[in-house]
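Inspection log for the structure reproduced underneath, given as structure tokens.
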There are 2 protein chains.
Amino acid sequence: MDIRQLKYFVTIAEEGKITAAAKQLHIAQPPLSRQLKQLEEELGVVLFDRNKKKNLTLTYEGEVFYKRAKDILHKLRDSILEVQELREEVAGTLAVGSTIYCAALLLSKVSQIREKHPNLMFNIWEGEPSRLHKLLENRQIDAAITTTPFYSKNIESKSLPDIPCKLVLPGINHTASAEMPT
Amino acid sequence: MDIRQLKYFVTIAEEGKITAAAKQLHIAQPPLSRQLKQLEEELGVVLFDRNKKKNLTLTYEGEVFYKRAKDILHKLRDSILEVQELREEVAGTLAVGSTIYCAALLLSKVSQIREKHPNLMFNIWEGEPSRLHKLLENRQIDAAITTTPFYSKNIESKSLPDIPCKLVLPGINHTASAEMPT
DNA sequence: ATCTCTTACGGGATTCGTAAGGATG
DNA sequence: CATCCTTACGAATCCCGTAAGAGAT
């Protein structure tokens, strides 16, 4: 099993033709055909229907594996970028947004991370969930912490450990943003 | 980037020594050392501290990548097993639990899947969330559908599309189980 | 002196590309 | 006959294992 085979498979599935996929992958068709065959043999599963049609279509098993393969490839790509950016970000800036209710969680985490990376600057934003959503989509912030997660593509949400959130200040001015260089 | 390199890296991280990891992987030390070096060069990130200590320890970047790599390997393994079992399960049995509130979603899905795989039997259980949780942990059921997801290790939860759940029968006998061969 | 990681080199395996063979519309 | 997939073969690449070197305790 090889990452390359997963990439090949995903490309074939998306192109519908081995020939077209090979062109996109900048390799010749025969190797692609072989890699697909090897993948199917290794899995013991037929991934494509080869019935007379000109376009290859995924079998049911193929569809399931396609989703998984795509997810794995995305996770791998994100993981690589994450550690690479991590190395750079030791002297970079991370913009994080939070609702006022989650500020406690955010600020305690910031303290922890700043111990590890003294040169990492934080840029902290506060706002209501809808505003955080916009900031996130515009990449003005890299992450948001909220009790009401957004459900939209290109945005992943993760559950954080429960903490007691206490409202310390009345939310008078929810649209204002605060910048904290420390 | 290669799956093998990820496996190698994870093993090294868990063993703390290249020598021990190589023994466990049934390969010689030099190739392992090289693969690790290649991985670090490809990522552009130093994964281990080589400071005079006898045991290699993960750098901060290494720790992050270790978690990601382990997750990816698990997902890959699960994906392979999933499609392989899928092929076999065409004549197998799938045990699914559901709260009474989600039965509509479950039963409609069962109908869809049974069209694809006429020989796939379903074993459907009904019960309250806490009971489903136990059944799931004991592997008596393969999956559960509920409005109140469980948060525990070895259990993954996924959000399903919203459907209107209507209570058709009063939940008189929540602890009974029903088996539906069709 | 022992343990561990790194570098050097040769054999083996895997993969690619080009070329030829089938199958389908 | 045109298009696509598959099989066959030779060349290049990559990986592994053995052997030797370097560093640290």
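Naming convention: chains lettered A, B, ... in sequence-line order (proteins, then strands); numbering from 1 in each chain. Only a predicted model underlies this, so the values are computations on that prediction, with no experimental measurement involved.
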Can you tell me if the side-chain N/O atoms of [X] get under 4.0 Å from OP1 or OP2 in [N]?
{"X": "B:Lys37", "N": "C:dT7", "answer": "yes"}
{"X": "A:Thr19", "N": "D:dC5", "answer": "yes"}
{"X": "A:Ser33", "N": "D:dT6", "answer": "yes"}
{"X": "B:Arg50", "N": "C:dT6", "answer": "yes"}

Q: Evaluate the side-chain contact (heavy atoms from CB on, under 4.5 Å) criterion for residues B:Leu39 and B:Met1: first the C-alpha distance (whole Å), next the side-chain angles of each, then the deciding distance (0.1 Å), finally the verdict.
A: CA-CA 7 Å; B:Leu39 178 63; B:Met1 176 65 58; 3.8 Å; yes
In whole angstroms, how far is the [atom2] atom of [N] from the [atom1] atom of [X]?
{"X": "A:Ile12", "N": "D:dC4", "atom1": "CD1", "atom2": "C1'", "result": "13 Å"}
{"X": "A:Asp49", "N": "D:dC5", "atom1": "CG", "atom2": "C1'", "result": "15 Å"}
{"X": "B:Lys23", "N": "C:dT4", "atom1": "NZ", "atom2": "C1'", "result": "12 Å"}
{"X": "A:Lys17", "N": "C:dA23", "atom1": "NZ", "atom2": "P", "result": "21 Å"}
{"X": "B:Ile18", "N": "C:dC3", "atom1": "CD1", "atom2": "P", "result": "17 Å"}
{"X": "B:Leu36", "N": "C:dT7", "atom1": "CG", "atom2": "P", "result": "12 Å"}
{"X": "A:Met1", "N": "C:dT14", "atom1": "CE", "atom2": "C1'", "result": "16 Å"}

Q: Would you name the heavy atoms of A:Ile12 and A:Leu32 that are closest together and state the gap between them?
A: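 Scanning both residues, the minimum pair turns out to be CD1-CD2, 3.4 Å.
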Q | Pairs touching residues 17-42 of chain B that satisfy ring-ring contact (aromatic ring centres under 6.0 Å, His included), sequence neighbours left out | A |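 Not a single pair qualifies under ring-ring contact (aromatic ring centres under 6.0 Å, His included).
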Q | Residue list, side chain to side chain donor-acceptor pair (under 3.5 Å) with B:Glu14, at least two apart or on another chain | A |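 Expected list: B:Tyr66.
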Q | Working for side-chain contact (heavy atoms from CB on, under 4.5 Å), residues A:Glu61 and A:Val64 | A | CA-CA 5 Å; A:Glu61 294 88 345; A:Val64 172; 5.8 Å; no
Q) Looking only at atom types and distance, does a side-chain atom of B:Asn138 sit under 3.5 Å from a main-chain N or O of B:Gln140, one as donor and one as acceptor? A)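 Not a single qualifying donor-acceptor pair exists.
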**Q.** Base-contact (B) and sugar-phosphate-only (S) positions in nucleotides 8-20 of chain D, heavy-atom cut-off under 4.0 Å, - elsewhere
**A.** -B-----SBBBB-
(Q) Consider salt bridge (charged side-chain N to carboxylate O under 4.0 Å, His left out). Of A:Arg68, A:Lys75, A:Lys67, which one does A:Asp71 pass it with? (A)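 Of A:Arg68, A:Lys75, A:Lys67, salt bridge (charged side-chain N to carboxylate O under 4.0 Å, His left out) with A:Asp71 is met by A:Lys75 alone.
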